[in-house]
Amino acid sequence: MPERIFIGVAWPYPNGPLHLGHIAGAYLPADIFARYHRVKGNEVLMVSGSDAHGTPVTVLADKESRTPQEIFERYHASFLRSFRGLGISFDIFTHTDTPNHAQTARDIFLKLYERGHFLKQRTRQLYSPTLNMFLPDRYVEGTCPRCGFARARGDQCDKCGSLLDPLDLKEPRCKLDGSVPEVRETDHLFLRLGDFEERLKAWVRKQTHWRSNVHRFTLGYLEEGLKPRAMTRDLAWGIPVPVAGFDGKCIYVWFEAVIGYLSASKQYFQERGDPEGWRRFWQGPEVKSYYFIGKDNIPFHTIIWPAILMGYGGLNLPYDVPANEYLTLEGRKLSTSEAWAVWVPDYLERYDPDPLRYTLSVTMPESGDLDFTWKEFVRRNNDELVATYGNLVNRVLTFTYRNFDRRVPRPAHLDARDQALLAKAKHTLQAVDKALAHTSFREAVREAFSLAQEGNRYLEDLAPWKTLREDPQRTATTLWVALYAIAALKTVLGPFLPFSSEKLHHFLGLEGTAAGAGWAIQEPVPGRPLREPAALFKKLEEQVALDERARLEAARVGG
RNA sequence: GGCAGCGUAGCUCAGAGGCAGAGCAGGGGCUUCAUAAGCCCUGUGUCGUAGGUUCGAACCCUACCGCUGCUACCA
């Protein structure tokens, strides 16, 4: 029976192009998961969009003397190209600057307001008269009142480690333009998260299928107690607060960004003339909703978003939040400001998508931070994709194509050795299935590759190039079995390597697409014509690793 | 300061109470269908340090050392 799977993926800030960290942390695992469920015949809705509002966008806009609108549109377009190039298969990738989203966000905000979940509080904050804006804590620096360190941040002193209130800083300066901020009073609406604390605790305790890092982090967070949290900001760029007396203020970007999951779902179905269709992915116990995010987003998805949903009512809470840890690059944390990153648009100019998808799948930071290096990338491409998988496919297909009239050979008696490989292929289909269902992507791809290795061993044992002359029947059988293993590889690697799986599907003489062929091994049909094979992957020069490493170092700023 | 994570073979990492593992690199051999690809053989590690619990500890507990991240506006 088909399942229904909702997949929400982190909403990127459109203040720069996507880099490998974004892909490994959220978009690739979400895409693998979506493709896996689609090929199994399950109904999938995978959504995300640009988080158009928020300070990072306005800061960049100021810096470049452009409007936030221009900035977000530029990078939103870039995101769409990156996803297309990498084969990240969103059903919809929208943004938060749409009337539909604003209306959805206002509706939820007002509902919580009417139900008394908001608290009005007057706060004193630093205001920059030159920038005409209230300054976020991190954009203020000054002298630490405890230890006298001259460059303490607004929220914390990096020297003595004290947590600070920016109002306590001596000689505060604005980090953006160096001006001296002044103190101003301002009213904000605070969401009383405490209203949901007990329900959240009870709910989280039951989510024993969550990854342990996510589960523990969330429980620890809840144990500390939930304080009211400001859900409005003194900003001009965003969704205006729909409550009287809050003119000139906007809804906190995180409050409305998570609502994007819902508004994007509505938009998707509206565009298909089925305005109520979204309900099938948001209501009812038969739908499972997964949220693929980086670890820094955990509390927003396991506490704040569920709290909002509880307050609103009638919609499903997350089923799982398989948050990833961080990908580091050549041993160092990725940093946009220091330009220490591999940008997706750059990557796609020079290389194919599947090698990156493969390397990141194997190096996915599921349980701890993991390091990406260009040397490993080149090695995995050459030793694993080209030599193990690509070469297996190539040697079997070219040998069959040349010696068996360009058709699938007819097998004779299957002996124990043949049966063993067929069994291994079937077992791999199940093992990968199980690993993917549990969002264990590294394990899944390892399982899949062990079949490729087994396939090479099988060929080595049976040596069809030796038996071709004296025993064509034996040779035909060997090749048929090998083709079977390759057909299995095409299926199990499809979610990871969609582009090469489609190629292989074509070479095998199959009609339609690999993505539409089901989670099953397409048994080779004797006599069916094969198509002329070509290499699935390109070998990369060792020099590539050195060049790319040098390119990184050259681009690096500061640090 | 608080919270979290990490420290296992030359390198990158798995493992999580019961004889220390994989891949890569290095060494030796076989093969030639294949993108000079493939296959086999080859691992002497105080599992960060010091204690503790246990018949038994990389694994659990405590302390310490080192590294990292987060601390609520850069995944």
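Reminder, nothing fancy here: chain letters follow the sequence lines and each chain counts from 1.
With respect to the salt-bridge test (charged N to carboxylate O, under 4.0 angstrom), the residues K538(A) and D354(A) do not qualify. A salt bridge does not link D234(A) with R184(A): every distance from a Lys NZ or Arg NE/NH1/NH2 to an Asp or Glu carboxylate oxygen is 4.0 Å or more.
Classification of the F441(A)-F33(A) ring pair by plane angle, with boundaries at 30° and 60°, yields perpendicular. Ring geometry, Y484(A) versus W480(A): the interplanar angle falls from 30° to 60°, so the pair is classed tilted. By the 30° and 60° cut-offs, the orientation of the rings of Y261(A) relative to W305(A) is tilted.
Among the heavy atoms of the strands lying under 4.0 Å from N297(A) are primed sugar atoms or P, OP1, OP2 only; no base atom is included. In this structure, G21(A) reaches the bases: a heavy-atom distance under 4.0 Å links it to at least one base atom across the strands shown. Among the heavy atoms of the strands lying under 4.0 Å from R233(A) is at least one base atom, whether or not backbone atoms are also near. Using a 4.0 Å heavy-atom cutoff across all strands shown, L370(A) reaches sugar-phosphate atoms only and no base atom.
One C1' atom belongs to C13(B), the other to G17(B), and the distance between them is 22 Å to the nearest Å. Taking the P atoms as reference points, G27(B) lies 28 Å from A14(B), given to the whole Å. Nucleotides G26(B) and C64(B) are separated by 44 Å at their P atoms, to the nearest Å. Only the P atoms considered, G10(B) is 14 Å distant from U49(B), to the nearest whole Å. When the P atom is used for both C24(B) and A58(B), the distance is 28 Å, rounded to whole Å. Comparing the same atom, P, in C60(B) and in G18(B) gives a spacing of 11 Å after rounding to whole Å. Nucleotides A16(B) and A20(B) are separated by 16 Å at their P atoms, to the nearest Å. Nucleotides A57(B) and U8(B) place their C1' atoms 14 Å apart, quoted to the nearest Å.
Taking a pair to require two hydrogen-bonding distances under 3.5 Å in either a Watson-Crick or a G-U wobble arrangement, U44(B) remains unpaired. Taking a pair to require two hydrogen-bonding distances under 3.5 Å in either a Watson-Crick or a G-U wobble arrangement, C60(B) pairs with G52(B). Pairing for C67(B) is with G5(B), a Watson-Crick or G-U wobble pair whose two hydrogen-bonding atom distances lie under 3.5 Å. Across all strands shown, the partner of A22(B) is U12(B), judged by Watson-Crick or G-U wobble contacts whose two distances both fall under 3.5 Å. C30(B) is paired with G38(B) under the criterion used here, namely a Watson-Crick or G-U wobble arrangement in which both key atom distances are under 3.5 Å.
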5' to 3', nucleotides 27-35 of chain B under a 4.0 Å protein heavy-atom cut-off (B base, S sugar-phosphate only, - none) gives ----SSBBB
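The CG-C1' distance, from D369(A) to C13(B), rounds to 13 Å in whole Å. Atom CG of N324(A) is separated from atom P of G69(B) by 18 Å (rounded to the nearest Å). Look at CD on E541(A): it is 12 Å from P on A36(B), rounded to the nearest Å. For the pair N15(A) CG and C74(B) P, the computed distance is 10 Å after rounding to whole Å. Atom P of nucleotide C70(B) and atom CD1 of I293(A) are separated by 15 Å, given to the nearest angstrom. Going from atom CD of E384(A) over to atom C1' of A37(B) covers 14 Å, rounded to whole Å. To the nearest angstrom, P of G38(B) lies 7 Å from CG of D383(A). Remark: C1' of U12(B) and CH2 of W374(A) are 18 Å apart, rounded to the nearest angstrom.
With V253(A) as the partner, the side-chain contact (heavy atoms from CB on, under 4.5 Å) test is satisfied by one option alone out of W237(A), Y13(A), W11(A): Y13(A). The ring pair (Phe, Tyr, Trp, His ring centres under 6.0 Å) test with Y389(A) singles out one residue from Y358(A), F537(A), F496(A), and that residue is F537(A).
Ranked by how close their nearest RNA chain B nucleotide is to the 5' end, K227(A) and A26(A) are led by K227(A). Mapping L392(A) and E376(A) onto RNA chain B by nearest heavy atom places E376(A) at the nucleotide closer to the 5' end.
Phosphate contact (OP1/OP2 of A14(B), side-chain N/O of R446(A), threshold under 4.0 Å): absent.
By the rule that a glycosidic angle within 90° of 0 means syn, A34(B) does not qualify and counts as anti.
You'll find the ring centres of H22(A) and F79(A) outside the 6.0 Å limit.
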Show the numbers, then the answer: is there a ring pair (Phe, Tyr, Trp, His ring centres under 6.0 Å) between Y401(A) and F507(A)? CA-CA 10 Å; Y401(A) 194 76; F507(A) 296 154; 9.5 Å; no
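The aromatic ring of Y326(A) is stacked on the base of A75(B), with the two ring centres less than 5.5 Å apart and the planes inclined by under 30°.
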